[in-house]
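As the structure lists them, so they are numbered: ligands from 1, and atoms in each ligand from 1. We're numbering straight along the sequence, starting at 1. Owing to the predicted nature of the structure, the values given are computational and were not obtained by experimental measurement. Side-chain atoms are counted along with the backbone in the values below, which use heavy atoms only and exclude waters and symmetry mates.
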Amino acid sequence: MRQLAIGKSTVDQRFMAAALRLSRWHLGQTDTNPSVGCLIVRDDGDGPYIVGRAVTAIGGRPHAETQALLDAGDRARGATAYVTLEPCSHHGKTPPCVDALIAAGITRVVVSADDPDTRVSGRGFQMLRDAGIDVVTGVLADEGVRALQAYLTRQTLGRPHVTLKLAVSADGMIGRSDLMPRQGQVAITGPLARAQSHVLRAESDSILIGIGTALADDPDLTCRLPGLENCSPLRIVLDRHLRLPLHSRLVKSAGRVPLMIVTEQADQDRCMAYRDQGAEVVEAQDLAPLLTALSARGVSSLIVEGGARIARAFLDADLVDHIMLFMGAAAIGPSGLVAPIHSGAGQPGFALVRSAMFGPDRCDEFERVA
Ligand code: AOF
Ligand code: ZN
């Protein structure tokens with residue numbers, strides 16, 4: 001008996017891990033809906049096998065479960081559904097997924113994360129149980145929360161999930177202080193780490209920098225990975241005095257990839273000039289109300305990418321959920337700009353959750369401790 005129980009939970013974890021990987025396919029592409037993964041798994045006596053799979057569609061609908069059931073067809077009868085989020089119980093823009101699971105003859109539902117959406121929360125599980133379906137919750141719960149962190153943060157805190165991304169040299173610098181404007185920064189990390197940060201851009205709804213970084217680096221902030229060029233996030237520049245040049249790469253590309261310029265007091269002529277190029281100018285006095293406004297317009301995730309002062313401001317305002325600290329192998333020396341945070345020493349209020357190598361560069365990931 002004991003062995004059977006252990007075996008079943010291991011199988012559940014393996015299929016949930018696969019469902020969570022699947023859910024990442026559409027991260028950042030499902031609007032305000034979470035990107036959910038669903039696998040339909042049968043066991044006819046010779047061991048479990050997948051008969052249906054799906055991820056929430058681009059744009060947010062249809063939901064994962066209805067598509068996975070369609071994929072499985074009749075083979076869903078008597079099968080187990082692995083879903084990364086509690087199946088929905090409400091009539092929203094689509095009918096409830098719990099109804100579809102019940103109608104398809106699913107006999108067991110295994111879930112990772114609970115849905116805080118007040119239209120669903122707990123009701124999805126209850127409706128499944130009321131229909132006689134065996135429901136298992138909290139499988140790979142930490143990983144589930146991580147995969148759904150953007151959606152969960154916006155739902156529960158009313159602001160986007162914030163990732164602070166920093167690239168730091170071996171001697172703890174984020175760049176050189178002696179460069180001329182638009183000279184471009186020194187490369188701290190190599191192509192693999194840079195590609196990884198573009199994956200992060202593709203998965204995120206928005207990315208933010210300060211005007212100092214915009215003037216010094218003249219960045220694009222787009223995702224330029226082959227095949228993911230359409231997945232660039234909303235680009236945001238904090239620009240108190242509207243100093244962002246009209247000929248900057250950011251403004252010149254505003255008609256193609258959305259650009260938001262955040263100022264404290266908008267000069268109307270200057271605003272018009274930006275708007276003519278397709279950029280949006282908004283007024284905000286502080287970070288917290290800015291994040292609330294972003295959340296209200298459907299932004300669930302934000303990458304804070306520079307520079308040191310902006311990073312410090314987000315940390316001091318306690319608005320950072322996740323830190324990705326890329327560390328290059330080379331040193332910059334005395335002309336360096338000291339990074340606001342360093343590796344090794346640990347970040348107060350944060351715990352190291354993952355370390356990975358991208359070629360010669362290391363990436364340490366920290367999460368806010370609850
Ligand atoms: C699921 N499976 O794949 C997703 C779910 O506007 P609607 O009708 O699409 O409903 C949005 C809500 O649906 C969202 O807040 C969340 O509760 C749920 N998302 N649920 O069963 C899915 N994406
Ligand atoms: Zn649903």
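- The hydrophobic clustering, which links ILVMFWY residues whose side-chain heavy atoms are closer than 4.5 Å, places L148 and L200 apart.
- When distances from the Zn ion (ligand 2) to the N, O or S atoms of H63 are compared, ND1 comes out shortest.
- Closer than 4.0 angstrom to ligand 1 sit non-hydrogen atoms from N33, P34, V36, T56, R61, H63, A64, E65, P87, C88, H90, G92, K93, T94, C97, D115, D117, R119, V120, Y151, Q155.
- Looking at T163 and H322, their side chains do bring a donor and an acceptor atom within 3.5 Å of each other.
- Between K252 and D220, no side-chain nitrogen of the basic residue sits less than 4.0 Å from a carboxylate oxygen of the acidic one, so the salt-bridge criterion is not met.
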Less than 3.5 Å apart, which donor and acceptor atoms pair up between the side chains of residues 309-317 and the rest of the protein, not counting sequence neighbours?
{"unit_1": "R312", "atom_1": "NH1", "unit_2": "D316", "atom_2": "OD1", "d": "3.0"}
{"unit_1": "R312", "atom_1": "NH2", "unit_2": "P340", "atom_2": "O", "d": "3.3"}

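- Between D31 and R61, none of the side-chain N atoms (NZ, or NE/NH1/NH2) sits under 4.0 Å from a carboxylate O, so this pair counts as no salt bridge.
- The local environment of CZ in R270 is crowded, with over 12 non-hydrogen atoms from other residues, nucleotides or ligands closer than 6.0 Å.
- The SG atom of C97 and the SG atom of C88 subtend an angle of 120° at the Zn ion (ligand 2), given to the nearest 10 degrees.
- Put simply, the side chain of R154 gets close to the backbone of S295: a donor and an acceptor are under 3.5 Å apart.
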